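Scope of the values below: all heavy atoms of this structure, side chains included, with no hydrogens, waters or symmetry mates. The shown structure was predicted, so the numbers you read here are calculated from the model rather than taken from an experiment.
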Amino acid sequence: MPNIDIKNNISFNKFKTDSEYRSIVLTIISAVFLLISWSGILKNVIPFDVALVSVVISGTPILLEAVKGLITSFDLKANVLVSIALIASLLIGEYFAAAEIAVIMTIGEILEDRTVRKARESVKKLLELTPPMARIKTPDGEREIPVEDLAMGDILLVKPGESIPVDGIIIKGHTSIDQSILTGESMPVDKKIGDEVFIGTLNQLGVIEVEATKVGEDTSLAKLIRLVRDSEDKKAPVVRLTDRVATVIVPLAVAASLITYFLTQDIIRLVTILVVFCPCALVLATPTAIMAGIGNASRKGILIKSGEALETVGKVDVIAFDKTGTITYGKPEVAEVMSLSDEYTPEEILSISAMAEKFSEHPIGQAVLHKAENELLSVDDPQKFRVELGQGVEADIDNQQVLVGNRKLMDNNLVLITPEMIDIMKFQENRGKTVLLVAIEQSIIGIITVADRIKGESREIVEELKEIGIKEVFLLTGDNQVTASSIARDIGVDRVYSQQLPEDKVRVIEEQLQQNRKVGMIGEGINDAPALARSNVGVAMGALGSDVAIETADVALMSDDISKIPELIHLSRKVRGTINVNIVVPILINFTAIVLAAFGIIGPVAGALIHNLGSVLVVGNSSRLINYRRNKTSKKSKIIVKNAESVSPP
């Protein structure tokens, strides 16, 4: 894994910014000399056309790049044709036309660089999120050390208003954390002991102590930087297509200009065709739109690894959701407490059960305990405690035997279960819930149901996906058929695949691909990684979560907000539409100019203006994507899913 040096990244970005400023200054100087040449005010003072100064300043880098490309890789792309047009213009004495080509080409490059820089600005800010110093607790008291000297296991003190310098776990205190820069969440998130916090996020309220769990290149920030680097290093197929088109256009332009010269014997027309034939706008069409789209997505907490992924998302017609952590919250919660005895209220049953489960490490037992604590109920230590594996727990509370568990636990302790109780259990289990029976001294006093709660917006998002043209939405889960079907029914998916192992999920994806469908897979766990890799587009939920899923996926969401899925699809379609406009409009402009040049209606100067107009339009059109926001005009369901829960196997 490559080392992530945040300071060096900041220095590199500063270098790129300084280089851009130098380019702007030199271009302004070139433009000034171009205007002086056009006005003719120094014609009688200087013995040569000052447009040559503009050619030297702005044209030299273009010529050098063209020569380098030809020598190193025989690269017949836009700068080669531009260089030919420059040289041809100089040879026939059209110094102003040559200067104009060079200056406007440079302006186009600056606009492109600025578009890309703006697209990356929101992500670059992450490089500056980490405070240079961290406050740690030692046996000798508090002291500050450089962030790069932090080690796993260090205990850090973070005060209100300070950025958290590592990924870690809160071990003391509670607070509210602004995670918007990483997750895109608009509201601060309450955090307590045992909760994870992430590097660069802002502590808003109380003083907290954090144990460092990830430092240096292992932090969420370093992971984000790697994802951004991936998006910069990969090019979409359309980018390569335009490169190939540009390679074809170079010899085609030379041939067209020579044919025109042969028919007309007019060298001016030859030069003009060379000028207007340059495919600069075509080459800029896709990368500017892709980078602007990636920048837009990153500001919304959506990290896209490549231009190919961004384009493919908009073509998806089938979406497969994993369940745990995607459709559901990924952890069991108490759904309902029912009293089956006149002697005990639901609150008393929950309190007694929490005491019995207090020392249990099972997720279901912990869910009962957390529910009681959240209700501020009394949870004393049990006098005795024993775990019955696969059944539940047995405890002594106030010198009475308390059992909390499944039917097998009750049977083994000779506890009577009435037919009415069995009916209640079956009803709850058919709704995808896990049922805990609570008994005192061999008499059942209540029932607690536990479930992995469905996210309230899940049904609405499924309906929205169908509204925007997704042909089928299905669920892949390791849960049993009853639980899986219950969830599928509650959220309105078309099909459900239950009891799916990782290889089973891949097989389902492959079946869809064999039907020539474009499949998007949404997941977050390690077991989703193979399916994420096999699908056309894999989207990892919560990019601060499973490393394996994130590294495998094409897109990573910095939060578990599934409403970003329709947002991503809309953005992809907008980017593709922008690319199409970027390609078609300049081609129409250039071919119109070629016809005009062939008939001698325009010359090199006008040809250069018309040609570069396409490049300016492309960059301007792509830059609109940076601040693009979709209009949510679709009619959405307002159904809020309540008590629609299921539980995954322990």
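- Put simply, the side chain of Phe599 does not reach to within 4.5 Å of the side chain of Ile594, judged on heavy atoms.
- For the pair Lys505 and Asp322, the salt-bridge criterion is met [side-chain N within less than 4.0 Å of a carboxylate O].
- Looking at Ser572, its side chain never comes within 3.5 Å of a backbone N or O of Ile569 through a donor-acceptor pair.
- Put simply, the side chain of Thr60 never gets that close to the backbone of Ile57: no donor and acceptor are under 3.5 Å apart.
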In sequence, state the C-alpha distance, the side-chain angles, and the governing distance for Leu532 and Val539, and then conclude on side-chain contact (heavy atoms from CB on, under 4.5 Å). CA-CA 7 Å; Leu532 290 169; Val539 180; 5.5 Å; no

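- Partners of Glu472 under the salt bridge (Lys or Arg N to Asp or Glu O under 4.0 Å) rule, at least two apart in sequence or in another chain, are Arg495, Arg517.
- If you check the side chains of Asn621 and Arg624, you find a donor sitting under 3.5 Å from an acceptor.
- Formation of a donor-acceptor pair under 3.5 Å by the Ser58 side chain with backbone atoms of Val103 is not found in this model.
- Sequence neighbours left out, the pairs with a member in residues 251-277 that pass salt bridge (Lys or Arg N to Asp or Glu O under 4.0 Å) are Asp266-Arg269.
- For the pair Arg299 and Asn627, the tightest heavy-atom approach, listed with the atom from each and the gap, is NH2-OD1, 3.1 Å.
- Atom CZ of Phe33 has 12 or fewer neighbouring heavy atoms from other residues, nucleotides or ligands inside a 6.0 Å radius.
- Of the possible donor and acceptor atoms, one in the side chain of Lys564 sits under 3.5 Å from a partner among the backbone N and O of Lys300.
- Looking only at atom types and distance, the side chain of Ser622 has a donor-acceptor partner in the side chain of Thr288 under 3.5 Å away.
- Side-chain polar atoms of Ser37 and Asp49 form a donor-acceptor pair below 3.5 angstrom.
- Within the 4.5 Å cutoff, side-chain heavy atoms of Ile28 are placed close to those of Ile24.
- Across all their heavy atoms, Ala320 and Leu476 have their closest contact at CB-CD1, 4.0 Å.
- Proximity of Val555 to Ile302: side-chain heavy atoms (C-beta onward) are separated by under 4.5 Å at one or more points.
- In this structure, the side chains of Tyr261 and Ile267 come closer than 4.5 Å at one or more pairs of heavy atoms.
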Where do Val519 and Leu513 land on the side-chain contact (heavy atoms from CB on, under 4.5 Å) test, with the steps shown first? CA-CA 7 Å; Val519 183; Leu513 294 175; 3.9 Å; yes

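- In this structure, the separation between OG on Ser54 and CZ on Phe96 is 9.0 Å, given to the nearest 0.5 Å.
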Audit row: Ile470, Asp317, side-chain contact (heavy atoms from CB on, under 4.5 Å) steps and yes/no: CA-CA 5 Å; Ile470 301 301; Asp317 53 17; 5.7 Å; no

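- When all heavy atoms of Leu34 and Ala99 are compared, the closest pair comes out as CD1-CB, 3.5 Å.
- Put simply, CD1 on Ile562 and CD1 on Ile319 are 10.5 Å apart, with the number rounded to the nearest 0.5 Å.
- Residues Leu465 and Pro566 share a closest heavy-atom pair of CD2-CG, 4.0 Å.
- To the nearest 0.5 Å, the span separating CD1 on Ile602 from OG1 on Thr592 amounts to 9.5 Å.
- In this structure, Thr312 contributes its side chain and Ala309 its backbone to no donor-acceptor pair below 3.5 Å.
- Residues Asp561 and Ser563 share a closest heavy-atom pair of OD1-OG, 2.6 Å.
- The main-chain N or O of Ile36 is found under 3.5 Å from a side-chain atom of Ser39 such that the two form a donor-acceptor pair.
- Thr578 approaches Ala289 most closely through the heavy-atom pair CG2-CB, 4.2 Å.
- Between Leu617 and Val581, the closest side-chain pair of non-hydrogen atoms is not below 4.5 Å.
- Exactly one residue among Leu571, Ile626, Ile304 makes a side-chain contact (heavy atoms from CB on, under 4.5 Å) with Asn296. That residue is Leu571.
- Remark: aromatic rings of Phe474 and Phe321 are distant, center separation not under 6.0 Å.
- In this structure, the separation between CD1 on Ile273 and CG on Leu596 is 10.5 Å, given to the nearest 0.5 Å.
- Atoms OG1 and CG, from Thr260 and Leu270 in turn, are 7.5 Å apart once rounded to the nearest 0.5 Å.
- The 12-atom threshold is exceeded at NZ of Lys466, counting heavy atoms of other residues, nucleotides or ligands nearer than 6.0 Å.
- For the pair Met521/Val537, no side-chain contact is recorded, criterion being any heavy-atom separation below 4.5 Å from C-beta on.
- Considering only heavy atoms from C-beta on, Glu311 comes within 4.5 Å of Ile290 through its side chain.
- Between the OG1 atom of Thr272 and the CD1 atom of Ile601 there is a distance of 11.5 Å, given to the nearest 0.5 Å.
- Counting heavy atoms from C-beta on, the side chains of Asn582 and Val585 never come closer than 4.5 Å.
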